[in-house]
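Proteins come first, then strands; the chains are lettered A, B, ... in the order of their sequence lines, and each starts at number 1.
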Amino acid sequence: MEEGVVNEILQGPLKDIFDSKQLITNVSGSGNNWAVGYKVFGSQYQDQIVEKLRQTAEHCDCLQCFFIIHSMGGGTGSGLGTFILNVLEDEFPEVYRFVTSVFPSGEDDVITSPYNSVLAMKELNEHADCVLPIENESLFDIVSKINQMVTSGKPGTTVKPESLVTLNEGGIKKKLQEKPFDTMNNIVGNLLLNLTSSARFEGSLNMDLNEITMNLVPFPQLHYLVSSLTPLCTLADVNIPPRRLDQMFSDAFSKDHQLIQADPKHSLYLACALLVRGNVQISDLRRNIERLKSSLHFVSWNQEGWKTSLCSVPPVGHSHSLLALANNTCIKPTFIELKKRFTRLYKKKAHLHHYLQVDGMEESCFTEAVSSLSSLIESYNELDVTKGLPVHDPLRLNIVI
Amino acid sequence: MSIVTVQLGQCGNQIGYEVFDTICRDLHNTQGFCCKRENEVYQASCKEHFFNEEKSGVPIARALLIDMEPKVISQTLLKAAHSGRWKYGQHSHFCQKQGSGNNWAYGYSVHGPKHEESIMNLIQKEVEKYDSLRGFSTIMSMAGGTGSGLGAFLTQNLRDAYPNSFIINQIIWPYGTGEVIVQNYNSVLTLSHLYRSSDALLVHENDVVHKICAKLMNIKQISFRDVNQVIAHQLGSVFQPTYSPEDSCQYRRNPLGDLMASLVPHPEFKMLGLRNIPQMSENSLAYTTFAWTGLLKHLRQMLISNAKMEEGGFKDPALYTSWLQPSDAFSEWRTHRAFNKYEKLAALVSNSQFLLKPLDTIIGKAWNMFASKAYVHQYTKFGIEEEDFLDSFTVLEQVVASYCNL
C-alpha cells in the first residue's frame with residue numbers, strides 16, 4: 001500500500017518478470033495498523049484484487065496452490081494479507097493456501113506488532129491450510145554463521161561462492177545496513193524453492209504440495225510447520241564422503257538451522273517431512289531416519305511419522321540438500337511469547353484507539369483473536385502432556401468367526 | 001492368452017517399466033541353455049502374452065499407464081522408446097495435472113468417478129485388439145493416493161465390466177518406517193476394497209526387497225531403481241512361459257488363470273507372496289554353480305522359516321491346511337529355458353501365513369492413529385467417513401482371523 005518497495009523491484013534486474021497488470025499499489029501505506037490494512041484497504045481494493053486473481057488463474061491449466069508471503073507485525077502484509085487469505089478461500093475454495101509468515105522478534109521496532117500479529121493469527125488459524133513461520137532473529141543467526149564460515153580461513157574450509165544459501169546476485173543493491181535483509185530473505189527464497197522442487201523436477205519419489213498438507217496436518221487447527229534448511233553452503237572440497245551426507249541430516253534437526261527460534265529435538269513431533277534434493281538414494285534416507293529417530297520424540301499415534309521425497313535435481317551450487325518440515329510442539333513458546341506481549345499492551349489499552357477508530361473494528365475483535373490464540377496454545381499443551389508417557393495401544397476389533 | 005498390465009501411479013509406472021524391460025531382455029537373451037527351436041517357441045509364447053507386434057518390428061507392450069500427474073508417465077514413455085527394443089503404445093496412457101496428494105479418498109472418490117469414463121474407454125480400446133483376453137494385472141502401491149485410491153476404484157470397475165477375466169493386483173507394501181505418514185490408512189482402505197473385487201493380491205514388500213538388495217546383491221547405495229529391478233525380476237520369473245501340465249512340449253496358454261486357480265482355493269484367502277532364488281550381484285554369477293536340490297531346499301526353508309518342521313520336501317502334508325490335499329495345494333511349473341542370466345532359477349508363489357505379521361502390524365498402526373482421529377478430516381473432506389474406515393478395519397480383521405485359524 002505504498003510505492004517505494006514495488007518501484008525498486010520494477011527498476012531492478014528482475015523487472016521483466018513482473019507484469020504491470022499484476023501490481024496494486026497505493027501511496028499512503030497502512031501505518032503499521034492491521035485494522036487499516038484489513039478493513040479499510042480490504043474493502044477498497046477487494047474487487048480489483050479478485051479481478052486480477054481471476055485473470056491470472058485463468059492462465060493456469062490446473063491451479064494447485066497459492067503462496068502468501070507477508071509479515072505479521074506490520075499493517076499491509078498483516079492486515080491486507082489476511083484479508084486476501086479470506087478472499088482466496090471464498091473465490092477458490094479448492095486451491096491450497098500456503099502462508100509464509102515472518103513473525104516479529106523480541107526487539108522489534110514496530111510497537112504495535114503484537115496487536116497486528118495476534119489479529120492476523122486468528123485469520124491464519126481459520127483460513128490458511130498451512131503456515132510456515134519465520135523469525136528474523138533465526139535468519140540473522142544463520143547469516144552470521146555463514147559469514148563466520150566464509151571468513152574463518154581455516155584450511156580445507158574454502159566455500160564455493162555460488163553455493164551460499166544467502167546468495168543474492170539478482171537482488172537490489174542496497175547500502176550497508178544494520179540488518180542484512182536481502183541475505184536473510186534469500187534463505188526464505190530457498191525454502192520456497194526446495195518446497196516446490198519435487199513438483200518442478202523429476203525424482204524417484206515425487207511429492208506435490210497437496211501432499212504436504214495431507215501428511216503434515218493431522219488436525220485442521222495444527223497447521224504450523226517449523227522448517228530447516230541444510231546445508232548452508234558447500235565446501236569447495238569435492239570429495240563428499242557419506243559422513244558429510246549424514247551430517248546434513250543431523251544438522252536439519254539442530255536448533256541452529258531452524259528458521260524460527262525453536263528446538264524441535266526436545267519437543268514432541270506430530271509429523272516430519274524430509275525433502276531431499278540431489279544425488280541421495282533411498283538407502284541413505286532410510287539409514288539416516290533409523291539413526292536419528294531414537295533421539296526424537298514422536299506422538300504416540302504416529303511413532304513412525306515420516307514423509308519423504310527424493311528429487312533428482314539439486315539446487316544451484318550444491319550436490320544435495322535437505323529441507324525438513326516439522327509439525328512440532330516446539331512452536332508453542334513462540335505463540336506464548338506473542339500472547340504475553342499482546343497482553344502487556346492490551347491491559348493498558350495502549351495504542352488501542354488507532355484501531356478502534358477504524359470502521360468495523362471493535363474490542364470484540366481483539367478478545368476473539370486472543371481467545372483463538374489461547375485455544376491453539378491449549379491444543380499444543382494437551383499434546384505435550386502425552387510426551388514421555390507410556391503408550392497403551394487401543395483395543396482392536398474382535399471378530400467372531 | 002493376453003494379459004493387460006495396468007500401471008497406476010508413480011510406483012506402478014516405474015515398476016511396470018522395469019517388468020517389461022526385464023521380460024524383453026529375457027526374450028532376447030542368447031544364453032537360453034536350451035535348443036534353438038525351444039527358444040523360438042518360448043519367445044513366441046512370451047510375446048503373445050505381453051506384447052503386440054507392430055509393422056516396424058518393435059514390440060509394443062500390452063500396458064496402460066495411468067497417473068494423475070504427468071512427470072512420471074512422460075519419463076517412462078521416453079525411457080521405453082529410447083531402449084529401442086520395445087515401447088509403449090502411443091495412446092496407451094492417461095494422465096492429469098493435479099496428483100492425488102497421497103489421499104486415498106481423493107483417488108477413490110474424486111479422480112475415480114471423474115475419469116471413470118475416459119479410463120474405461122481406454123481399457124476397452126486396448127482389449128479390443130486381442131483375440132482373447134485372459135485377465136488384468138495391475139501394479140500399484142498401497143501407500144500413496146493414485147495407485148491405492150484410484151487403483152481400488154478401477155479394480156471394482158474392471159470386475160463389473162469384465163466379469164469373466166481374472167484380476168490380479170500386484171501390490172507394493174511400503175517400508176515400515178514411513179514413506180508416507182498416512183500410508184497405514186491408505187493401505188487398510190486399499191486392501192479391504194481390493195479384497196472384494198480382486199481375484200488375488202500378489203504382495204511385494206519394500207523392506208524385504210531392500211534387504212535382498214543389501215545382503216544378497218551387495219548393492220551399497222540402494223536406489224528405487226535397484227528395488228524395482230528386483231521386483232521386476234521376481235515377477236518376470238513367474239510370468240514367463242512354462243510348460244503346461246498335460247504336454248511338456250507345449251507352453252501354458254493361460255498362466256495367469258492357472259496360477260490363480262491353484263493358489264486361491266477359497267475366496268477368504270487371497271494374499272499371495274513371492275520368493276525367488278537365487279538373487280545375487282552380476283559379478284558373483286560367473287563364479288557360481290547351481291543345483292536343483294540345493295535351490296529347492298532353500299526355497300522350502302524360506303517358506304517355513306517361521307515354523308519348526310521336519311524334512312519332507314514340498315509334498316509334506318504338514319505344510320498344508322487340513323482341508324486341502326498336498327497334491328491339490330502344490331503344483332510345479334517348469335521350463336528348460338533359462339531366465340535373465342541365471343542358469344537355474346526357482347520361484348515360489350505361496351498363499352500362506354507369512355503375510356500375517358506385516359498385515360497385523362499395518363492394521364495395528366492404522367487403528368492406533370484412527371483412535372485419536374488424526375488425519376481423518378483429510379478423508380472426510382472427500383467423502384470417506386468414519387464408518388467407511390470401520391468397515392475396512394472389520395474386513396481386514398476378518399482376513400487376519402481366517403489366516404490365523406489355518
Taking every non-hydrogen pair under 4.5 Å, which of B:Gln96, B:Lys71, B:Met369, B:Gln14 racks up the most with chain A? B:Lys71

Test ring pair (Phe, Tyr, Trp, His ring centres under 6.0 Å) on B:Trp367 and B:Phe393 and set out the steps. CA-CA 8 Å; B:Trp367 185 249; B:Phe393 278 114; 4.9 Å; yes

Does any non-hydrogen side-chain atom of A:Asn279 lie less than 4.5 Å from one of A:Ser319? no

Please tell me if the side chains of B:Met142 and B:Gln183 come closer than 4.5 Å, counting only heavy atoms from C-beta onward. no

Below 4.5 Å, heavy-atom pairs only: which of A:Gly203, A:Ala273, A:Cys62, A:Pro220 has the largest tally toward chain B? A:Pro220

Give the member of B:Val227, B:Val72, B:Asn103 that has the highest number of heavy-atom pairs under 4.5 Å with chain A. B:Asn103

Hey, does the Lys NZ or Arg CZ of A:Arg286 hover above the aromatic six-ring of B:Tyr175, less than 6.0 Å from the centre and inside 45° of the axis? yes

Compute both the distance and the angle, then confirm whether A:Lys293 meets the cation-pi test with A:Phe298: under 6.0 Å from the six-membered ring centre, within 45 degrees of the axis. no

Toward chain A, the part of B:Asp207 with a non-hydrogen atom under 4.5 Å: side chain

Top residue by heavy-atom pair count (under 4.5 Å) with chain A, among B:His210, B:Lys97, B:Gln221, B:Lys381? B:Gln221

Can you tell if the side chain of A:Lys307 reaches within under 4.5 Å of the side chain of B:Asn102, non-hydrogen atoms only? yes

Please look at B:Gln75 and chain A and tell me whether the side chain, the backbone, both or neither of the residue comes under 4.5 angstrom of a heavy atom of that chain. side chain

Checked B:Gln98, B:Lys373, B:Glu397, B:Arg225 vs chain A; the most non-hydrogen pairs under 4.5 Å come from B:Glu397

Could you tell me which portion of A:Asn206 (side chain, backbone, both or neither) has an atom closer than 4.5 angstrom to a non-hydrogen atom of chain B? both

Is there a side-chain contact between B:Glu179 and B:Asn206, using heavy atoms and a 4.5 Å cut-off? yes

Contacting moiety of A:Glu290, where chain B heavy atoms sit under 4.5 Å: side chain

With only heavy atoms counted, which part of B:Tyr379 is less than 4.5 Å from chain A, the side chain, the backbone, both or neither? side chain

For the residue pair A:Ala252 and A:Gln258, what are the closest heavy atoms and their distance? O-NE2, 3.0 Å

Side chain, backbone, both or neither: which part of B:Gln10 has a heavy atom under 4.5 Å from chain A? side chain

For A:Ser300, which atoms come within 4.5 Å of any heavy atom of chain B: side chain, backbone, both, or neither? backbone

Please determine, among A:Val299, A:Val217, A:Leu285, A:Val280, the option with the most heavy-atom pairs under 4.5 Å with chain B. A:Val217

Hey, are A:Lys122 and A:Glu126 close enough for a salt bridge, meaning a charged N less than 4.0 Å from a carboxylate O? yes

Can you tell which part of A:Leu205 gets under 4.5 Å to a heavy atom of chain B, answering side chain, backbone, both or neither? both

Interchain contact, A:Leu216 with chain B, by part (heavy-atom threshold 4.5 Å): both

Under 4.5 Å from a heavy atom of chain B, the part of A:Ser198 involved: backbone

At a heavy-atom separation under 4.5 Å, does B:Thr394 approach chain A through its side chain, its backbone, both, or neither? both

Interface residue of largest heavy-atom contact number with chain B, from A:Ala199, A:Cys272, A:Ser309, under 4.5 Å: A:Ala199

Any salt bridge between B:Lys357 and B:Asp360, counting N to O under 4.0 Å? no

For the residue pair A:Phe98 and A:Phe67, categorise the inter-ring angle as parallel (less than 30°), tilted (30 to 60°) or perpendicular (more than 60°). tilted

Who among A:Met214, A:Gln64, A:Glu211 has the most heavy-atom pairs with chain B under 4.5 Å? A:Met214

Could you look at A:Asn215 and say if it's the side chain, the backbone, both or neither that has a heavy atom under 4.5 Å from chain B? both

Go through the steps for A:Trp306 and A:Tyr269 under the test ring pair (Phe, Tyr, Trp, His ring centres under 6.0 Å), then give the verdict. CA-CA 10 Å; A:Trp306 297 88; A:Tyr269 273 92; 7.1 Å; no

